[in-house]
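A short write-up of the structure that comes next.
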Amino acid sequence: MAATDIARQVGEGCRTVPLAGHVGFDSLPDQLVNKSVSQGFCFNILCVGETGLGKSTLMDTLFNTKFEGEPATHTQPGVQLRSNTYDLQESNVGLKLTIVSTVGFGDQINKEDSYKPIMEFIDAQFEAYLQEELKIRRVLHTYHDSRIHACLYFIAPTGHSLKSLDLVTMKKLDSKVNIIPIIAKSDAISKSELTKFKIKITSELVSNGVQIYQFPTDDESVAEINGTMNAHLPFAVIGSTEELKIGNKMMKARQYPWGTVQVENEAHCDFVKLREMLIRINMEDLREQTHSRHYELYRRCKLEEMGFKDTDPDSKPFSLQETYEAKRNEFLGELQKKEEEMRQMFVQRVKEKEAELKEAEKELHEKFDRLKKLHQDEKKKLEDKKKSLDDEVNAFKQRKTAAELLQSQGSQAGGSQTLKRDKEKKK
């Protein structure tokens with residue numbers, strides 16, 4: 001019997017039994033809290049929006065601190081993602097906060113591919129976590145989880161409708177991250193315009209099928225407030241690190257010639273609502289949704305691409321071990337097939353090379369025979385010419401010998417006549 005079948009039967013056969021007295025496992029939640037507090041928490045925020053919408057200022061205001069960062073310009077050739085990690089401490093709880101900002105978003109003339117670097121960055125964080133999970137020796141308890149838990153999408157306060165860039169980007173990102181749309185610098189438009197703008201944005205998101213993050217209502221302790229806050233989306237926010245004295249208190253506000261806008265006054269903006277929903281109430285749900293929904297979707301698609309499945313073709317449970325064995329056998333079969341193909345290709349190439357070499361050898365032999373015959377013909381011609389020259393030389397020698405003989409004979413005859421004349425004169 002397979003181990004999965006045994007585990008299933010154990011789960012189905014679970015019984016509830018009463019306890020005769022106190023055991024102590026009711027302290028388990030306290031143990032988990034203490035362990036979590038000692039380990040600390042991490043939270044990663046992605047700020048998407050055009051340059052100049054106050055993303056950095058809002059982050060400073062949300063966490064009541066001053067994060068270091070360079071101001072972005074409008075001259076970026078493309079969209080770049082800048083990530084900064086900070087260690088924050090509140091009471092005895094530590095938080096490793098990562099803020100990722102989209103530098104140059106919406107500044108290009110051609111904005112068609114502006115969303116791609118953001119998608120690639122989110123997928124890269126999922127892939128890094130998946131690779132850590134698939135390691136033989138995993139250290140997930142100390143691993144710095146860089147997956148994006150919340151995406152604050154900053155909408156320009158135009159008062160009319162969403163830009164096509166905003167719709168396309170949110171549509172591409174809604175299956176990868178928890179999107180919380182916010183209207184940045186909402187003090188730039190009037191209250192009536194802001195109300196109409198919110199309704200228009202919600203209508204356009206619904207009509208285009210954009211799935212934004214909904215605050216959970218399944219927990220009774222926060223169901224009422226979350227349900228109320230869902231109706232206020234998108235939040236109209238204002239950010240400011242400047243503190244002004246209003247009455248007898250110092251408050252974060254923005255001073256204008258016509259008056260003062262208080263950041264934490266709910267009659268002026270939705271900043272307090274955003275802070276409550278994002279940090280104080282739903283931060284853990286955002287982390288959980290990232291892991292259980294968005295990361296699981298990425299993980300499932302990635303493993304299916306690699307050939308791993310939960311069921312066989314007959315829709316029966318298929319364990320990871322069986323999948324591994326099936327993939328291993330398939331890989332070995334493909335490897336043997338490729339090896340056989342390579343071997344046949346090698347044999348074929350060897351045969352072709354042998355044929356080429358034999359043909360070349362044949363051509364060389366023919367060329368050698370032609371040269372040999374040509375050499376023999378030339379040699380015969382030279383021998384015939386040499387014989388002819390030898391004959392001529394011998395004939396010349398014979399004629400020369402004959403001429404010398406005649407000459408010597410003539411000389412002897414002339415000498416005898418001269419002696420005869422000399423004798424006759426003496427007489």
[X] side chain vs [Y] backbone, donor-acceptor pair below 3.5 Å:
| X | Y | answer |
| --- | --- | --- |
| N282 | P216 | no |
| N178 | L286 | yes |
| N44 | I148 | no |
| S388 | D384 | no |
| K55 | E50 | yes |
| N208 | V210 | no |
| H149 | R287 | no |
| T57 | S240 | no |
| K96 | H144 | no |
| H268 | E264 | no |

Side chains of [X] and [Y]: does their closest heavy-atom pair fall under 4.5 Å?
| X | Y | answer |
| --- | --- | --- |
| S114 | T169 | no |
| T260 | L244 | yes |
| K176 | M119 | yes |
| T158 | F197 | yes |
| Y153 | I212 | no |
| T217 | N230 | yes |
| K198 | P234 | yes |
| L53 | I155 | no |

Check this for me, if you would: do [X] and [Y] make a salt bridge, where the nitrogen-to-carboxylate-oxygen distance has to be below 4.0 angstrom?
| X | Y | answer |
| --- | --- | --- |
| E296 | R299 | yes |
| D166 | K163 | no |
| E288 | R293 | no |
| K273 | E276 | no |
| E352 | R349 | no |

Can you confirm whether more than 12 heavy atoms, excluding those of [X], are under 6.0 Å from its [atom1] atom?
| X | atom1 | answer |
| --- | --- | --- |
| E341 | CD | yes |
| E90 | CD | no |
| Y256 | OH | yes |
| M342 | CE | no |
| Q344 | CD | yes |
| K111 | NZ | yes |
| E112 | CD | no |

Shortest non-hydrogen separation from [X] to [Y] and the atoms involved:
| X | Y | answer |
| --- | --- | --- |
| L58 | I182 | CD2-CD1, 3.5 Å |
| F154 | G54 | CE2-O, 4.1 Å |
| E133 | H291 | OE2-CE1, 4.5 Å |
| Y143 | E132 | CD1-CG, 3.8 Å |
| Q125 | S146 | OE1-OG, 2.7 Å |
| D174 | G209 | OD2-O, 3.7 Å |

Applying side chain to side chain donor-acceptor pair (under 3.5 Å) to S207 and E204, what does each step give before you reach the verdict?
CA-CA 5 Å; S207 61; E204 288 184 342; over 6 Å; no
Looking at [atom1] of [X] and [atom2] of [Y], how far apart are the two atoms once the value is rounded to the nearest 0.5 Å?
| X | Y | atom1 | atom2 | result |
| --- | --- | --- | --- | --- |
| D390 | K387 | CG | NZ | 10.0 Å |
| K358 | K351 | NZ | NZ | 11.0 Å |
| E284 | F43 | CD | CZ | 10.0 Å |
| L173 | L46 | CG | CG | 7.5 Å |
| K66 | D60 | NZ | CG | 4.5 Å |
| L371 | E366 | CG | CD | 12.0 Å |

Which class fits the ring pair [X] and [Y]: parallel under 30°, tilted 30 to 60°, perpendicular over 60°?
| X | Y | value |
| --- | --- | --- |
| F63 | F67 | perpendicular |
| Y213 | F215 | perpendicular |
| F126 | Y295 | tilted |

Run L274 and L152 through side chain to side chain contact (heavy atoms under 4.5 Å, CB included) and show every step you take.
CA-CA 10 Å; L274 174 64; L152 297 182; 4.3 Å; yes
Apply side chain to side chain contact (heavy atoms under 4.5 Å, CB included) to residues L297 and S175 and explain how you reach the verdict.
CA-CA 8 Å; L297 177 62; S175 63; 4.3 Å; yes
Show, in sequence, the C-alpha distance, side-chain angles and deciding distance for D219 and N226, and conclude whether the side chain to side chain contact (heavy atoms under 4.5 Å, CB included) test is met.
CA-CA 9 Å; D219 186 356; N226 279 348; over 6 Å; no
Would M59 and S101 count as a side chain to side chain contact (heavy atoms under 4.5 Å, CB included) if you check the C-alpha gap in whole Å, the side-chain angles of each, and the deciding distance to 0.1 Å?
CA-CA 10 Å; M59 290 297 102; S101 58; over 6 Å; no
Of E224, M277, Q214, the residue whose pairing with M229 passes side chain to side chain contact (heavy atoms under 4.5 Å, CB included)
M277
Examine the side chains of T51 and D107 and answer whether a donor and an acceptor come within less than 3.5 Å of each other.
yes
Given the rule in the salt bridge (charged side-chain N to carboxylate O under 4.0 Å, His left out) test, do E383 and K386 qualify, once you have shown the distances and angles that lead to the verdict?
CA-CA 5 Å; E383 287 178 351; K386 181 182 177 184; over 6 Å; no
Between E340 and Q336, does the side chain to side chain donor-acceptor pair (under 3.5 Å) criterion hold? Intermediate values first, please.
CA-CA 6 Å; E340 182 63 23; Q336 291 177 353; over 6 Å; no
